[in-house]
Asks: 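Quick one: the structure is below, and I'll ask about it shortly.
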Amino acid sequence: MPSGLLGKASLAANTDTVLYTAPAGTVTTTTVNFCNTTSAAINVRLAVTSAAAVAAADYLEYDFSLPANGVLERTGIVLSPAEVLFARASSAGVTVQARGFEEPL
């Protein structure tokens, strides 16, 4: 089963971006890091869902103000089979990575 980098993206403004989808038959444990590469604060969101789109109840972080040149790290996120990890930023200039491991059920 894969381990290490599960997904990464340079986020576009105001766009839900799929960062990672847990494969069928596995449970995934991940850490997500947001990095603001700009000199201004940017709001970020992180959601986990089994649906095609994010709903209000899916958010782990909602409009967290990521300071200029700052980092946000969320650890211990566990995904069931077929759950999807979404990331979003209010402006361009934020990169995000999911690192972790997959385990068979």
Asks: In terms of side-chain heavy atoms, does Y20 have a donor or acceptor partner in T28 at a distance below 3.5 Å?
Replies: yes
Asks: Mind checking whether T26 and P81 have side chains closer than 4.5 Å, heavy atoms only?
Replies: no
Asks: Checking T75 now: which residues fulfil side-chain hydrogen bond (donor to acceptor under 3.5 Å, both in side chains) with it, not counting sequence neighbours?
Replies: none
Asks: For V44 and E61, what are the C-alpha separation, side-chain angles and deciding distance, and is it a side-chain contact (heavy atoms from CB on, under 4.5 Å)?
Replies: CA-CA 7 Å; V44 296; E61 293 287 347; 5.6 Å; no
Asks: Between L79 and E83, which heavy-atom pair has the shortest distance, and what is it?
Replies: CA-OE1, 3.4 Å
Asks: Examine the side chains of T49 and D58 and answer whether a donor and an acceptor come within less than 3.5 Å of each other.
Replies: yes
Asks: Give me the other members of the hydrophobic cluster that V18 sits in, counting Ile, Leu, Val, Met, Phe, Trp and Tyr linked by side-chain heavy atoms under 4.5 Å, directly or via other members.
Replies: V54, Y59, Y62, V84, F86
Asks: Only pairs at least two apart or in different chains count here, so list each salt bridge (charged side-chain N to carboxylate O under 4.0 Å, His left out) that has a residue in residues 20-40.
Replies: none
Asks: Should V32 and L85 count as side-chain neighbours, where that means a heavy-atom distance under 4.5 Å?
Replies: yes
Asks: Could you tabulate the donor-acceptor pairs under 3.5 Å formed by side-chain atoms of residues 63-72, not counting sequence neighbours?
Replies:
from, atom 1, to, atom 2, distance (Å)
D63, OD1, R45, NE, 2.8
D63, OD1, R45, NH2, 3.4
D63, OD2, R45, NH2, 3.4

Asks: With sequence neighbours left out, what residues match D16 under side-chain hydrogen bond (donor to acceptor under 3.5 Å, both in side chains)?
Replies: R88
Asks: Between S91 (side chain) and A13 (backbone), is there a donor-acceptor pair under 3.5 Å?
Replies: no
Asks: Side-chain contact test, heavy atoms from C-beta onward, threshold under 4.5 Å: evaluate it for V96 versus N33 and give yes or no.
Replies: no
Asks: Assigning hydrophobic clusters by single linkage (Ile, Leu, Val, Met, Phe, Trp, Tyr; side-chain heavy-atom cutoff under 4.5 Å), is F34 placed with L60?
Replies: yes
Asks: Report yes if some heavy atom in the side chain of E102 is under 4.5 Å from a heavy atom in the side chain of S3; otherwise report no.
Replies: no
Asks: Between I42 and S90, which heavy-atom pair has the shortest distance, and what is it?
Replies: CG2-OG, 3.4 Å
Asks: Report the C-alpha separation of T95 and L11 in whole Å, then their side-chain angles, then the decisive distance to 0.1 Å, and conclude whether the side-chain contact (heavy atoms from CB on, under 4.5 Å) test is met.
Replies: CA-CA 6 Å; T95 60; L11 300 177; over 6 Å; no
Asks: With sequence neighbours excluded, what pairs up with T38 under the side-chain hydrogen bond (donor to acceptor under 3.5 Å, both in side chains) test?
Replies: N36
Asks: Please answer whether the main-chain N or O of T17 pairs with a side-chain N or O of T15 as donor and acceptor at a distance below 3.5 Å.
Replies: no
Asks: Look only at the side chain of T30 and the backbone of A98, and say whether a donor-acceptor pair between them is shorter than 3.5 Å.
Replies: no
Asks: Report the distance from atom OG of S10 to atom CD of Q97, rounding to the nearest 0.5 Å.
Replies: 11.0 Å
Asks: Answer yes or no: is there a side-chain heavy-atom contact under 4.5 Å between R74 and L46?
Replies: yes
